[in-house]
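Take a look at the structure below.
By convention in this document, chain letters (A, B, ...) are assigned in the order of the sequence lines, proteins followed by strands, and residues within each chain are numbered from 1.
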Number of protein chains: 2
Amino acid sequence: MSALNEQALEYVAKYFKALAEPMRLKVLNALQDGEKNVSQLTQISGGTQANISKHLTLLAQYNLVKRESRGTNVYYKIADPSVYELCELVCGQIGNRMALEEDIKKLFTATSQTD
Amino acid sequence: MSALNEQALEYVAKYFKALAEPMRLKVLNALQDGEKNVSQLTQISGGTQANISKHLTLLAQYNLVKRESRGTNVYYKIADPSVYELCELVCGQIGNRMALEEDIKKLFTATSQTD
DNA sequence: TGACTATATAACTATATGGTTATATAGTGC
DNA sequence: GCACTATATAACCATATAGTTATATAGTCA
């Protein structure tokens, strides 16, 4: 990272920003076991159709998911599973190091190792 | 990540959010070769003192950096070097997969492997 | 064609936040 | 105490964005 210039930093920041939203993480989470269409993702995530569609559009813009229309449905899938490595790393860091408060610690130590 | 609940997702999202800002990445970048005080970081980053101080406060809240006062100076250092793994992963992903535009590709392939 | 379903988008609101300027706080040395 | 330096914070503005509602678009099937 040492030689990254301004423009590159902005790109990296934007990438992190795409992941910095609970609903988008939820969607990515739901896509772990394979592609799903918008209706399915809407139901799983508990959001509204419009909102999920917006998030999916954003995720697709950052190439985090791939879009494929089939009939009237649009299926989305993870573009690169290495995105989950990021989440694992973050969960690990939070679980191990950031858990100053006990209740937060519990959230992660109990659940983050199950993938 | 599969079993993460709402609260955990929010925490992960917040963590990503802490990294989703060019100036903060710049500061973290500047801390790669060891601790620095606020004045140094202000100069390196090119921001204002108040702004850098705000970013540092936020980074400290998320335990991304550690704070240590010595005299009138306050020194900050990376709390856990594994944060750079995240950046590496992201740089790799952007460089390899997200580089739809050639000019963006160049930003990363030329510079991101130098750490 | 028309009814129906699935998805995307536009317009809007409310909230969060990055940056700035000015000021407060705190340590050092006289 | 006073001057000086370093850092943090408060108040403010401008912008970005998550979510909502309503509507548009597009595919399917009768």
Side-chain angles (χ1 to χ4, degrees), chain A residues 6-7 9-31 34-77 79, chain B residues 6-31 35-77 79:
Chain A
E6 302 285 323
Q7 238 182 314
L9 282 177
E10 292 209 355
Y11 239 80
V12 175
K14 280 190 181 176
Y15 189 92
F16 278 126
K17 203 166 195 173
L19 295 173
E21 222 288 318
M23 192 58 97
R24 284 197 287 273
L25 291 177
K26 212 171 188 176
V27 168
L28 293 174
N29 200 16
L31 292 176
E35 65 170 20
K36 293 192 170 51
N37 64 34
V38 180
S39 302
Q40 294 173 309
L41 291 171
T42 299
Q43 200 195 350
I44 294 171
S45 66
T48 64
Q49 183 270 319
N51 189 20
I52 300 306
S53 187
K54 258 174 75 169
H55 283 308
L56 286 167
T57 300
L58 189 147
L59 288 171
Q61 276 172 354
Y62 285 94
N63 280 18
L64 284 162
V65 296
K66 281 182 186 162
R67 203 187 111 100
E68 188 186 317
S69 320
R70 290 208 294 276
T72 60
N73 295 314
V74 177
Y75 285 84
Y76 286 90
K77 63 180 172 185
Chain B
E6 301 285 324
Q7 237 181 317
L9 283 177
E10 293 209 353
Y11 238 80
V12 174
K14 280 190 182 178
Y15 189 92
F16 279 126
K17 201 166 197 175
L19 295 173
E21 223 286 320
M23 191 60 96
R24 285 198 286 272
L25 291 177
K26 211 172 189 177
V27 167
L28 292 174
N29 200 18
L31 291 176
E35 65 170 18
K36 293 192 173 50
N37 63 35
V38 180
S39 302
Q40 292 173 311
L41 291 171
T42 299
Q43 199 195 352
I44 292 171
S45 65
T48 62
Q49 184 270 318
N51 189 20
I52 299 306
S53 186
K54 257 174 76 170
H55 283 307
L56 286 167
T57 299
L58 189 148
L59 288 171
Q61 277 173 353
Y62 285 94
N63 281 19
L64 285 163
V65 297
K66 281 183 187 161
R67 201 187 112 101
E68 189 187 318
S69 320
R70 290 209 295 275
T72 60
N73 295 313
V74 177
Y75 285 83
Y76 285 90
K77 62 180 172 186

Quick one: is [X] getting a side-chain N or O under 4.0 Å of the [N] phosphate, OP1 or OP2?
| X | N | value |
| --- | --- | --- |
| B:Arg67 | D:dA8 | yes |
| A:Tyr76 | C:dA8 | yes |
| B:Thr48 | C:dT20 | yes |
| A:Ser69 | D:dA26 | no |
| A:Asn73 | D:dG27 | no |

Please give, in whole Å, the distance from [N] [atom2] to [X] [atom1]?
| X | N | atom1 | atom2 | answer |
| --- | --- | --- | --- | --- |
| A:Ile52 | C:dT9 | CD1 | C1' | 15 Å |
| B:Leu59 | D:dT7 | CG | C1' | 16 Å |
| B:Lys54 | D:dC12 | NZ | P | 14 Å |

Any side-chain heavy-atom pair of A:Thr42 and A:Asn37 under 4.5 Å: no
Touch class at under 4.0 angstrom, heavy-atom based, for B:Glu21 against every strand present: sugar-phosphate
Donor/acceptor link under 3.5 angstrom from A:Gln49 side chain onto base of C:dA8: yes
Full working for salt bridge (Lys or Arg N to Asp or Glu O under 4.0 Å) between A:Glu6 and B:Lys26: CA-CA 8 Å; A:Glu6 302 285 323; B:Lys26 211 172 189 177; 2.5 Å; yes
